[in-house]
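Chain A is the first sequence line, chain B the second, and so forth, proteins listed ahead of strands; every chain is numbered from 1. Note that the coordinates shown come from a computational prediction; the quantities given were computed from them, not determined experimentally. The figures that follow rest on heavy atoms only: side chains count, while hydrogens, waters and symmetry mates do not.
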4 protein chains.
Amino acid sequence: MAVLRADARRNRDLIIATAKEIFVESGLDVPMENIARRAGVGVGTLYRRFPDRGELIAAVAAQVFGSVLTDLRAARDEEPNAWEAFTRLVTRSEDLRVTWHLAFPSGRAWTMVHAAPESRDVHRDMMAALDELVRDAQAEGSIRADVGPGDVLILVSIVLGTHLASSDPAGQVRSERSLLLALDGLRAVPGSVLPGAPVSTEELGWSVAEGDFDNA
Amino acid sequence: MAVLRADARRNRDLIIATAKEIFVESGLDVPMENIARRAGVGVGTLYRRFPDRGELIAAVAAQVFGSVLTDLRAARDEEPNAWEAFTRLVTRSEDLRVTWHLAFPSGRAWTMVHAAPESRDVHRDMMAALDELVRDAQAEGSIRADVGPGDVLILVSIVLGTHLASSDPAGQVRSERSLLLALDGLRAVPGSVLPGAPVSTEELGWSVAEGDFDNA
Amino acid sequence: MAVLRADARRNRDLIIATAKEIFVESGLDVPMENIARRAGVGVGTLYRRFPDRGELIAAVAAQVFGSVLTDLRAARDEEPNAWEAFTRLVTRSEDLRVTWHLAFPSGRAWTMVHAAPESRDVHRDMMAALDELVRDAQAEGSIRADVGPGDVLILVSIVLGTHLASSDPAGQVRSERSLLLALDGLRAVPGSVLPGAPVSTEELGWSVAEGDFDNA
Amino acid sequence: MAVLRADARRNRDLIIATAKEIFVESGLDVPMENIARRAGVGVGTLYRRFPDRGELIAAVAAQVFGSVLTDLRAARDEEPNAWEAFTRLVTRSEDLRVTWHLAFPSGRAWTMVHAAPESRDVHRDMMAALDELVRDAQAEGSIRADVGPGDVLILVSIVLGTHLASSDPAGQVRSERSLLLALDGLRAVPGSVLPGAPVSTEELGWSVAEGDFDNA
DNA sequence: GATGAATGAGATTTCATTCAT
DNA sequence: TATGAATGAAATCTCATTCAT
């Protein structure tokens, strides 16, 4: 991809930031023109940068994934153990909430993410880092052994994603309570006997896109 | 009057059943015409019965709530204790999955449910029954004491609702695993220290509609 | 036309009365179902009596024309001269206001009136009576000689028809003022020099339907 | 910005002119698509310019009012006295006929006119100019003293508006005759005793919209 | 005969996307 | 390259009219 002129670059970043904001507020189906307007550009400019909605979603996703990956690595470096790093990531990372929001409402988002090399790559990196984090936490004994990183991902993403739009403080508290309950479920020993086998991150991928999250 | 009703009644039921099906597959925003076509009626018929999408959603909700309430009472009667009844309901009731799906994507659904007396009433009954069930389970010691029925409702609904569309068997298993993990979180003793206070069902209601679940 | 059973007859009259009412309130384009509902019958019944909207309009018109003709004859019999009879008719006959209202908004109404023998006939009788009335008033010197019955009809109908919907008292007064001004114009001697020739009632008829009043 | 404006401006004007034409022919309720088609644009274009029918009506009205105001001022400047100016305006201004047509069928139009600042302002200016014109004519003795500008407006508008759609020459003559008769009524001295008080233009305004002309 | 359920064509309005300037 | 105007394909909803009961 060719280097963009400074002003074009600025525009691109502005659009991504604006889209992230609006996606969080109003979902992925918001009119393109609204995004353009809030970003202060014409629709034409938006479409020049992102030929269709899918590419815009993928670009937002790539940016957000990158940022989450950074957060995850920082947490891993700075926290004493994997569990602390995991909870810090999950409870503190704003972008993580966005990520799952993006991934949620229709699975459609995943199609787009996987179609764009840029976002697919950072997605893969993020998954790898998550694999390692979960494995470490299990080695520490702080995540139960009968779950896989895929299980962790699914449960956390569901909880984080669904609660995103809450704006009043009571809603924030309720979200946090749900999240902590879910985390307790991931630690529970002894816990229920789970059907099937631990879910790996590899198992997710496309299949995620095609069904599990389809509640558009 | 009662004579023609048979015809109309059949159609009405057919439309509700069809809408339930399609809502589950494709969300609440599916074109009205698709619903009509699959039900084998004209759009006009659909609109005669349900003047707008909201009324259709409310009607589907009323039907589903009623069925869940029946399931809940059956489980309570037939199972040895509250926890068994609760897990049976949560893992076996097909309609429960629909319920939460309906409640989810935008909160919009709640507005409609509350606007229609029919669905509002059965919703209230369902909530009352849930209150009692959770209270009993806590008395048995099978649900942790620091959560309220609202917490239970939120967590379970998130997990059930989001997984609904999964059609391949692997997805079903993954859903079930998530659900069991969440249930383990509800039993965890000792669990994390939760912020705020237990959430009651009263606290939900409209506030649910207006924010927490708004990821449309 | 066959004699109707008593109850059918009652229904027919009821529908006509209701339609007259609603036409005055909301115009000729009101949904058929509204008329049926207010009349307390099913749409099917309405359509059985009046195969389409046009026939209903014609039936209302026939009823109203007949009533206006009766009013006119009564006025002629009871008032001392033609001018008094004319002003009494024009200022007092409720049905006259309806008549013009019917005739107005689209000209469409005339098509229907002329298509139905029943209303066409009474329309013709009314026209004949009007001819005579105007001629007599001119003989008395109370209507200027350079106008024809058609002129009178047009001017009065415009003023009466347009003011119909006024419900507040101020509007009623304004309507009456306009009407009196128009009547003064019909008496003015000497008045403006008018182009063309006096307009007869024959000259109206279909041409009225096809253009002059078409402001639908 | 100014560059593209040329294009858009041309289109906007074209749409307004087309709408004026069609409104006169077929009334205010003509399908938006017909207007778009005759103007040679897509519906989308029409809706981009005028978000709903009301805005289109208001825009047409503003254009027409402006043009009438210009006609009035020209007549006032060029004619020897107020009465001549008045009759010239009333008998010669094509746009005046459109104006009243717009104002008529439902009062709805007024709502829209008043909702849009642009048309509201020019409407007010027109009213002020009319006030002055009528006052001057009364000072000259050419309009009777017991009427107000509101009376004049109502009577003239009724006559002009209702006859608008006439296309055949005979209809034109008939319209002109009615108009002259009405004008004679405005001059008649001595005339009938009118109920109530002279109607001012202030008294019209919204009340016009809400009742008097409502024969939609 | 009466009823009101069903139909489907048509009107309004919105938006993703293309393209002229 | 940026802009925003234009397009037209949906989607929602309404109603005249037909027809089964």
Side-chain angles (χ1 to χ4, degrees), chain A residues 4-5 7-8 11 29-37 40-54 56, chain B residues 1-12 15 29-37 39-54 56, chain C residues 4-5 7-8 11-12 29-37 39-54 56, chain D residues 1-12 15 29-37 39-54 56:
Chain A
L4 291 172
R5 275 172 33 188
D7 60 334
N11 254 336
D29 286 329
V30 76
M32 294 298 256
E33 183 140 8
N34 292 6
I35 299 174
R37 185 169 33 250
V41 303
V43 246
T45 305
L46 195 164
Y47 273 92
R48 163 173 287 271
R49 283 309 153 222
F50 310 99
D52 61 25
R53 182 184 297 272
L56 175 58
Chain B
M1 190 176 190
V3 180
L4 279 221
R5 227 42 155 203
D7 217 48
R9 179 83 211 174
R10 203 167 20 256
N11 248 323
R12 200 192 127 93
I15 290 172
D29 287 328
V30 75
M32 295 295 257
E33 184 139 11
N34 294 5
I35 299 174
R37 184 170 32 250
V41 302
V43 240
T45 303
L46 197 162
Y47 274 95
R48 160 178 280 270
R49 239 24 97 189
F50 309 100
D52 59 26
R53 181 184 300 275
L56 176 58
Chain C
L4 291 171
R5 275 171 33 189
D7 62 334
N11 254 335
R12 200 191 128 90
D29 287 329
V30 77
M32 295 299 256
E33 184 138 12
N34 294 5
I35 300 173
R37 184 170 32 251
V41 304
V43 248
T45 305
L46 196 163
Y47 273 92
R48 161 173 290 272
R49 281 313 150 221
F50 310 99
D52 60 27
R53 181 185 297 273
L56 175 58
Chain D
M1 190 177 189
V3 180
L4 277 222
R5 226 42 153 205
D7 217 49
R9 178 80 212 178
R10 202 164 25 253
N11 247 324
R12 199 191 129 93
I15 290 172
D29 287 329
V30 76
M32 294 298 255
E33 183 140 10
N34 294 5
I35 300 174
R37 184 169 34 253
V41 301
V43 242
T45 303
L46 198 163
Y47 273 92
R48 159 178 282 269
R49 238 27 96 191
F50 309 100
D52 59 26
R53 181 183 299 274
L56 176 58

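Between Arg37(C) atom CZ and Asn34(C) atom CG the span is 5.0 Å, to the nearest 0.5 Å. Asp52(C) contributes atom CG, which lies 7.0 Å from atom CE of Met32(C) (distance to the nearest 0.5 angstrom).
Atom-to-atom, CZ of Phe50(B) to C1' of dA5(E) comes out at 13 Å; the value is rounded to the nearest Å. At whole-Å resolution of the value, CD1 in Ile35(C) and C1' in dG4(E) are 16 Å apart. Between Asn11(C) atom CG and dT3(E) atom C1' the separation is 11 Å, expressed in whole Å. Spacing between atom CG of Leu46(A) and atom P of dT1(F) amounts to 16 Å, rounded to whole angstrom units. Counting to the nearest Å, the C1' atom of dG1(E) and the CZ atom of Arg12(C) are 16 Å from each other. The distance from atom CZ of Arg9(B) to atom P of dT21(F) is 19 Å, rounded to the nearest whole Å. Between Arg10(B) atom CZ and dA20(F) atom C1' the separation is 12 Å, expressed in whole Å. For the pair Arg37(C) CZ and dA5(E) C1', the computed distance is 14 Å after rounding to whole Å.
Contact between Arg49(B) and Ala8(B) at its shortest, heavy atoms only, is NH2-CB, 3.7 Å.
At distances below 3.5 Å, not a single donor-acceptor pair connects side-chain atoms of Arg12(B) with backbone N or O atoms of Phe50(B).
Close to dT1(F), at under 4.0 Å from its OP1 or OP2, lies a side-chain N or O of Arg48(A). OP1 or OP2 of dA5(F) sits under 4.0 Å from a side-chain N or O of Arg49(D). The side chain of Thr45(B) contributes an N or O atom lying less than 4.0 Å from OP1 or OP2 of dT7(E).
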Q: Verify side chain to side chain contact (heavy atoms under 4.5 Å, CB included) between Asp29(A) and Asp29(B), making sure each step is shown before the conclusion.
A: CA-CA 11 Å; Asp29(A) 286 329; Asp29(B) 287 328; 5.8 Å; no
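Along DNA chain F, the nucleotide nearest Val41(D) and the nucleotide nearest Gly40(A) are compared for position; the residue whose nucleotide lies closer to the 5' end is Gly40(A).
When Watson-Crick and G-U wobble pairs are counted only if both distances are under 3.5 Å, dT21(E) pairs with dA2(F).
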Q: Indicate for each nucleotide in nucleotides 10-16 of chain F, in 5' to 3' sequence, whether protein heavy atoms under 4.0 Å reach the base (B), only the sugar-phosphate (S), or nothing (-).
A: -SSBBSS
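Checked against Ile35(C) for a side chain to side chain contact (heavy atoms under 4.5 Å, CB included), the options Val30(C), Val43(C), Val41(C) give a single hit: Val30(C).
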